[in-house]
Amino acid sequence: MRKKRTGRVLSVILSLIVLLILISFLVFIVIPQLFVSIQTLAGNLEGYIESLEEFAVQWNISQYIDFENLREISEDVLRQAMNYVTTNIESIANTTVSIGRTLLNWVLGFILSIYLLMAKDRIRTGFRYIVKSLVPDRYYPRTVDFLKKADAILVRYIVYSLIDAGIIGVVNAVFMGIMRMPYTGLVSMAVAVSNLIPTFGPVVGALIGAVILVLVRPVDALIFLIFTL
């Protein structure tokens, strides 16, 4: 646009709208689906173990798996989770208060971000003056060049890591939907988030998905691992 300020205002507004859409998508669609998936997984755990036992008998590998111990572990995990909730009501209430404070900080940060984005050029100019006053003149050009490169590398790393995680999560969800696998949202979110971890992230996501799917239908877990690989 010819008027730089008008372009800046519209850019800030569009950026904030996109951010609000993403937050709304997470809060109202993704997170509730994740809770439902976890609740369903916990409620049907006994049935999943029985299905796994039948599969093991069909493939003659039941002698290598201690299903009684697996049942005891699953029951113990559920029991400890229930005990934690009942014995830590006060702690949960304090956490709720903490979440409220955090939400207030997010609101204040959201408002502050508008001012920072609008004053971006002035902040950049002020930072340039600070560097110039601290660094000798002969090192100033190289220092500025180094900072620009560091900034570009950091921005690209964050942006492309998020894009990569998003692509992986969407592709995983599409594949699981086509194959009619259960817990598509839960597994795809785990895979997407774990892909933000360098090097070992994809392995962690694959293991989480495989562990969830092997309880429902082991064949799905095998197909999922092959697809992930």
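Quick caveat, the model's predicted, so the values are computed rather than measured. In what follows, every heavy atom counts, from backbone to side chain, and hydrogens, waters and symmetry copies are set aside.
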Just how far is it from atom [atom1] of [X] to atom [atom2] of [Y], taken to the nearest 0.5 Å?
X      : Y      : atom1 : atom2 : result
Leu207 : Leu225 : CG    : CG    : 7.5 Å
Lys132 : Thr143 : NZ    : OG1   : 10.5 Å
Ile223 : Met176 : CD1   : CE    : 11.0 Å
Met118 : Ile123 : CE    : CD1   : 11.5 Å

Are [X] and [Y] joined in one hydrophobic group, where the rule is that I, L, V, M, F, W and Y side chains link up if heavy atoms are under 4.5 Å apart?
X      : Y      : result
Val203 : Val211 : no
Val204 : Ile167 : yes
Val171 : Ile168 : yes
Met179 : Ile226 : no
Leu222 : Val219 : no

Within the 4.5 Å heavy-atom criterion, are [X] and [Y] side-chain neighbours or not?
X      : Y      : result
Lys4   : Asp121 : yes
Arg180 : Asp220 : no
Arg8   : Leu117 : no
Leu213 : Pro182 : yes

Quiz item: Taking all atoms of both residues into account, what is the closest heavy-atom pair of Met181 and Phe224, and its distance?
Solution: CE-N, 4.1 Å

Name the atoms and distances for all side-chain donor-acceptor pairs under 3.5 Å in residues 185-200, with sequence neighbours left out.
residue, atom, partner, partner atom, Å
Ser188, OG, Asn172, ND2, 3.0
Ser188, OG, Ala173, N, 3.3
Ser188, OG, Thr184, O, 2.7
Ser194, OG, Ala190, O, 2.9
Ser194, OG, Val191, O, 3.0
Ser194, OG, Gly201, O, 3.3
Ser194, OG, Gly205, N, 3.3
Asn195, ND2, Val191, O, 2.7

Exercise. Give a yes or no on this: more than 12 heavy atoms of other residues, nucleotides or ligands lie within 6.0 Å of atom OH of Tyr115.
Key: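 Atom OH in Tyr115 is not crowded, with 12 or fewer foreign heavy atoms closer than 6.0 Å.
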
Quiz prompt | Over 12 foreign heavy atoms within 6.0 Å of CG, Leu229 | solution = no

Identify every side-chain donor-acceptor pair in residues 9-23 under 3.5 Å, counting partners at least two apart or on other chains, and give the distances.
residue, atom, partner, partner atom, Å
Ser11, OG, Gly7, O, 2.8
Ser15, OG, Ser11, O, 2.8

Exercise. Only pairs at least two apart or in different chains count here, so list each ring-ring contact (aromatic ring centres under 6.0 Å, His included) that has a residue in residues 135-181.
Key: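 Residue pairs with at least one partner in residues 135-181: Phe175-Phe227.
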
